[in-house]
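Reviewing the structure listed below.
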Amino acid sequence: MGSIISQVIFHFVIFLILVVDGITVESSLGLSRQVFADVTSNKLSREYDGTWGLWSYHGVAEESHATKTQFVFNADLVSETDGHHQDIASMVYPALGLASDQDPAYQDLDEKQLGNTFYSKQKFSVLMACLLNGGTEVTAVIMLKSYLQLAKKHSNMKIGVNWCDHWLMSTMTNKTETEIVKTFHENLQYLINTAFVQGPSLTPFFDNHPVIFLFGGGLTPKLFKEIISLPLDLPKSLSGLPVWIGSYLNFASSESLREEWKGLINGTFGWSPYVLKPTPPSLQSWDFYGDLSDVLAYQKNVTSFGNQCLSDGDCLIWCGSVSPGFDNRGCAGWGRELRLIPRQDLETHKRSTYDAQWDYYIQGNISTNTIIIPTMNDFPESTPIVALNDSNFSLKSTSLHIKAWKNLKADDKGIYLPQEWYRLQKAIQYYGLTPGVNVSSLFAYLNTAGQAIDNQDYTTASDELQTCRSQLESLISHLHSNNMTIHVPSPSMSSSIPPIMMNGSYVINGTAGLYLTLDSDTSKILVNSNYKGLLHFWYLPLNSSLNYLKVFSPTKRKDAAFKEDKMFLSRRNTHLPNVPNQTVTNLLTIVGDFAEVCSLVTNSSSGTWNKATVEMYKINQSWEHAGPYKSDLHFESLGAYLVQNISLEFQVISS
Ligand SMILES: *[C@@H]1O[C@H](CO)[C@@H](O)[C@H](O)[C@H]1NC(C)=O
Ligand SMILES: *[C@@H]1O[C@H](CO)[C@@H](O)[C@H](O)[C@H]1NC(C)=O
Ligand SMILES: *[C@@H]1O[C@H](CO)[C@@H](O)[C@H](O)[C@H]1NC(C)=O
Ligand SMILES: *[C@@H]1O[C@H](CO)[C@@H](O)[C@H](O)[C@H]1NC(C)=O
Ligand SMILES: *[C@@H]1O[C@H](CO)[C@@H](O)[C@H](O)[C@H]1NC(C)=O
Ligand SMILES: *[C@@H]1O[C@H](CO)[C@@H](O)[C@H](O)[C@H]1NC(C)=O
Ligand SMILES: *[C@@H]1O[C@H](CO)[C@@H](O)[C@H](O)[C@H]1NC(C)=O
Ligand SMILES: *[C@@H]1O[C@H](CO)[C@@H](O)[C@H](O)[C@H]1NC(C)=O
Ligand SMILES: *[C@@H]1O[C@H](CO)[C@@H](O)[C@H](O)[C@H]1NC(C)=O
Ligand SMILES: *[C@@H]1O[C@H](CO)[C@@H](O)[C@H](O)[C@H]1NC(C)=O
Ligand SMILES: *[C@@H]1O[C@H](CO)[C@@H](O)[C@H](O)[C@H]1NC(C)=O
Ligand SMILES: *[C@@H]1O[C@H](CO)[C@@H](O)[C@H](O)[C@H]1NC(C)=O
């Protein structure tokens with residue numbers, strides 16, 4: 001297989017010439033040096049999706065012996081002091097707030113960030129996709145389609161698929177061999193028809209073969225063999241069958257795995273380093289951890305397997321990885337054990353885990369031409385490289401290292417512009433909801449700025465953003481702003497039907513709800529203005545088992561498209577003890593119901609009252625007394641709660 005090695009080297013040479021010339025080329029795996037960043041689709045928002053998706057999470061790390069193994073995160077809760085969501089399912093906090101992965105503005109940001117941090121004529125995103133039944137509308141499928149549209153618009157972006165076979169397996173009903181093979185085969189055909197039919201300009205290819213990343217841990221070699229031996233209906237434009245590259249962890253990290261998968265897959269890729277070193281007493285929040293030396297040992301292991309596999313002729317490709325750290329408490333270890341890879345080395349807190357891996361690949365002149373960043377935005381595992389509330393480090397570092405790795409002399413003034421562009425877009429969208437306000441001229445400036453960012457013309461981009469910002473400030477200065485607080489009960493808001501009270505508090509349980517109606521003058525104000533709203537209340541769980549307290553407010557919006565995303569269901573279902581299935585469905589925020597104001601899960605009744613502050617959104621609430629008993633707000637629960645001190649606070653804006 002000498003030809004494959006020389007092909008790789010040959011491609012290196014081509015790459016260098018092309019960069020010097022600044023020519024745009026179509027790349028494929030096996031061609032120039034490139035960087036992939038994994039993006040996930042499952043963090044959602046009440047404004048965009050009617051649910052938080054995986055920003056909220058309730059689960060138990062069942063195989064863990066750490067100090068805390070059950071985690072309940074309620075993304076709805078916000079801090080009154082800084083407005084941050086104070087209980088999100090992640091150990092790191094996003095600088096841009098809790099965005100929805102499905103929001104086109106956020107996806108555009110992603111594309112711009114790739115363009116201006118990865119400096120690539122060939123930008124890559126690898127989508128983490130759990131596909132169901134050949135394209136059911138689950139978040140990953142919706143996102144795959146929208147990213148393909150983005151890629152078409154910005155011809156320099158490609159979309160790959162990182163197939164989570166273990167997730168797909170976990171959503172199957174009977175898990176019989178027939179069902180598994182049929183489902184996977186249908187999904188594969190769907191991927192061909194939707195993604196790879198677009199060809200090498202939009203999706204990753206090796207020569208004429210589509211490249212599929214297989215995460216592993218689900219399919220057995222036998223099932224995989226059966227699936228790939230079934231005939232595929234290949235469109236005319238596709239001449240080669242897919243090549244499969246499997247994650248190092250699940251396909252090559254031990255001799256037995258290598259034996260099992262030999263002759264079935266065509267390469268391997270590194271991921272977030274997987275290290276099973278038991279934690280010392282100072283790190284009892286996790287079961288295992290890995291320090292810098294372990295992380296580098298992992299990369300060396302991937303490298304040595306990759307090189308060996310290539311030279312043996314068993315692999316066509318191998319991909320290295322660079323990852324900023326890891327902490328899976330946000331997803332409670334996906335039901336398994338808790339692991340930590342700190343972002344800095346544990347002894348001096350100086351050397352960055354992320355930089356160390358980049359240095360390994362760059363300074364070591366390691367012979368892979370593809371590096372994968374897991375991930376762009378996976379907050380549940382605390383692996384994102386996007387800007388965090390207290391650090392732009394990973395973005396900056398990504399930019400520096402990609403330049404070094406690709407030997408580019410690019411301007412890095414554009415790294416933070418996409419963030420500014422996104423913030424402005426969100427602000428304009430918000431003010432645009434004010435009746436009588438027309439923000440189309442603001443969007444025009446923003447679009448010009450966006451195009452300039454895409455063209456890496458940072459001077460124009462900065463100027464346009466500045467103009468846009470001053471225009472927005474001028475618009476805001478002409479708006480009326482008025483703060484309004486509504487106490488419950490009061491003439492402005494009172495019970496629609498007599499509430500059940502105990503000790504001066506409202507009882508919420510399976511039979512007792514609380515239904516509140518807003519008076520017509522206040523309703524009119526809210527309907528005819530724009531607002532930022534907060535709902536405050538105190539709550540006391542009376543049951544100690546896993547239960548929820550939800551607040552609803554009628555909406556005119558239809559449920560979000562991914563209503564039945566079984567991925568969320570199955571991932572969490574299995575890890576909630578002693579809760580009947582139907583209850584689990586209700587506990588999980590899987591339904592994109594815009595009427596849901598908040599859903600607070602509790603698992604103890606320590607006798608202490610908790611304060612809740614949650615956001616209310618103009619686009620979600622209708623304030624037309626369309627709820628049960630002509631209400632505008634109602635409380636429901638599983639299990640029993642006491643609720644008191646309810647109030648609403650609105651910053652009302654009108655033209
Ligand atoms: C699962 O098994 C049940 C009972 O045999 C059957 O009715 C159902 O169709 C099966 N479902 C799938 C998806 O194979
Ligand atoms: C990928 O690997 C399989 C199994 O070894 C092999 O049959 C196939 O030819 C390989 N694909 C390419 C393009 O080499
Ligand atoms: C690297 O490989 C060696 C030899 O197989 C193994 O003992 C070690 O645990 C691996 N280290 C990591 C971090 O993967
Ligand atoms: C890097 O490796 C390539 C082959 O993989 C070799 O041609 C080149 O000379 C090496 N560069 C350095 C600086 O060692
Ligand atoms: C950033 O968020 C983390 C996690 O929520 C928090 O502990 C930290 O105080 C925040 N830092 C800043 C500067 O807001
Ligand atoms: C990150 O960059 C943005 C844009 O330049 C800046 O506003 C922000 O303060 C930076 N964040 C930190 C934590 O330095
Ligand atoms: C907003 O203004 C633009 C021109 O600036 C106009 O074309 C558009 O129709 C206006 N939209 C509304 C809803 O009035
Ligand atoms: C209204 O409330 C907001 C948010 O709490 C505050 O920033 C603002 O100053 C208040 N405005 C007035 C007029 O009180
Ligand atoms: C209600 O008040 C009574 C008397 O003060 C007290 O015994 C009881 O525990 C209270 N119930 C709750 C649920 O707080
Ligand atoms: C709800 O609370 C009321 C008042 O304590 C009680 O009468 C009723 O039985 C409770 N319902 C349920 C389902 O527990
Ligand atoms: C709950 O779901 C699991 C897995 O789908 C199933 O095995 C179990 O029978 C279900 N339990 C009930 C009470 O429906
Ligand atoms: C909550 O506690 C009450 C009283 O102990 C009990 O009757 C009820 O079944 C519990 N409900 C749940 C959902 O645990």
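For reference, positions follow the sequence shown, starting with 1. When a ligand or atom number is given, it counts from 1 through the structure's own listing order.
For ligand 6, the atoms sitting less than 4.0 Å from at least one non-hydrogen atom of N392 are 1 (C), 2 (O), 3 (C), 8 (C), 10 (C), 11 (N), 12 (C), 14 (O), numbered in the order shown with element in parentheses. Atoms of ligand 6 lying under 4.0 Å from any heavy atom of Y416, numbered from 1 in the order shown and given with element: 2 (O), 4 (C), 5 (O). Here is the list of ligand 1 atoms found below 4.0 Å of a heavy atom in E179: 13 (C). Listed by atom number, the atoms of ligand 6 under 4.0 Å from S391 heavy atoms are 13 (C).
In terms of polar-atom proximity, N174 is counted as a contact of ligand 1, with an N or O under 3.5 Å from an N or O of the ligand.
Checked by atom type, the side-chain pair N620/R46 shows no donor-acceptor distance below 3.5 Å. Donor-acceptor pairing under 3.5 Å is recorded for the side chains of E615 and Y617. One side chain, S146 or Q107, offers a donor N or O that lies under 3.5 Å from an acceptor on the other. Judged by distance alone, the side chains of Y106 and N377 never bring a donor and an acceptor atom under 3.5 Å apart.
Scored by the side-chain contact (heavy atoms from CB on, under 4.5 Å) test, Q466 finds R469, S470 as partners (sequence neighbours excluded). When the side-chain contact (heavy atoms from CB on, under 4.5 Å) test is applied to S45, the partners found at least two apart in sequence or on another chain are E47, Y48, D49, W52, S100. In terms of the side-chain contact (heavy atoms from CB on, under 4.5 Å) criterion, residue partners of N174 (sequence neighbours excluded) are, by chain and number, T176, E179.
For S655 (side chain) and P435 (main-chain N/O), a donor-acceptor pair under 3.5 Å exists by modelled atom type.
Sorted by chain and number, the residues within 4.0 Å of ligand 7 by heavy atom are N438, S440.
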